[in-house]
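All values below come from the heavy atoms of this structure, side chains included, with hydrogens, waters and symmetry mates left out. Note that the numbering runs from 1 along the sequence shown for the chain.
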Amino acid sequence: MSQNYMHDRKFISYCRTSLLNKSIDLKKQKSIRTAKEISIEDLSFHDFNQLLYHVDFDQKENELELQILLHRLYEALSLLSQQDRDIIFLKYWGNMTDQQIADQLKLVRRTVNYNRHKSLKQLRKYLEEDQ
């Protein structure tokens with residue numbers, strides 16, 4: 001056997017091993033992330049409120065307005081489909097990119113982008129009613 005052939009076989013073997021190890025690492029990361037996740041539907045209004053309360057508001061006297069806004073936002077989000085809610089939460093509270101969301105939800109990136117924009121329009125329309 002030629003020297004190049006042996007070198008190529010070693011390189012291919014190295015690549016296979018690297019890909020296998022990376023695949024194992026990704027599966028472990030996914031299982032760890034999945035174990036820590038909680039479904040949005042399982043959140044109570046109080047838990048949801050606590051999640052949203054990380055927004056900085058300078059004026060304490062507007063706390064009642066904030067509570068009303070949070071309640072309306074919760075209502076608006078509850079009108080979205082589970083998939084659309086997941087996309088909104090992962091994007092804006094999980095700080096994930098469309099591609100990361102697509103990978104996690106097993107969707108195409110353009111579908112995530114389209115659903116996110118559609119959902120934001122629905123939320124905006126709902127929140128602007130009665131204003």
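- Clustering ILVMFWY residues whenever any of their side-chain heavy atoms sit less than 4.5 angstrom apart, transitively, puts I88 in a cluster other than the one holding Y114.
- Taking CD from E75 and OG from S78, the interatomic distance works out to 6.5 Å, rounded to the nearest 0.5 Å.
- Counting only residues at least two apart or on different chains, the salt bridge (Lys or Arg N to Asp or Glu O under 4.0 Å) pairs with a member in residues 112-127 are D84-K118, D98-R116.
- Once rounded to the nearest 0.5 Å, the distance linking CG of D86 with CE of M96 reads 10.5 Å.
- A pairwise comparison of heavy atoms in R85 and L80 identifies NH1-O, 2.6 Å as the closest pair.
- The backbone N or O of I101 sits nowhere less than 3.5 Å from a side-chain atom of Q104 that would complete a donor-acceptor pair.
- Expressed to the nearest 0.5 Å, how far CD1 of I32 lies from NZ of K27 amounts to 14.5 Å.
- With sequence neighbours excluded, the residues forming a side-chain contact (heavy atoms from CB on, under 4.5 Å) with T111 are V108, N115, listed by chain and number.
- Applying the side-chain contact (heavy atoms from CB on, under 4.5 Å) rule to L79 yields the partners Y126; only residues at least two apart in sequence or on another chain are considered.
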Run the side-chain contact (heavy atoms from CB on, under 4.5 Å) check on K91 and V112 step by step: do they pass? CA-CA 10 Å; K91 179 68 176 179; V112 169; over 6 Å; no

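- Shown here is Y92, whose OH atom has more than 12 heavy atoms of other residues, nucleotides or ligands within 6.0 Å.
- Pairs engaging residues 100-109 under the salt bridge (Lys or Arg N to Asp or Glu O under 4.0 Å) rule: none recorded [sequence neighbours left out].
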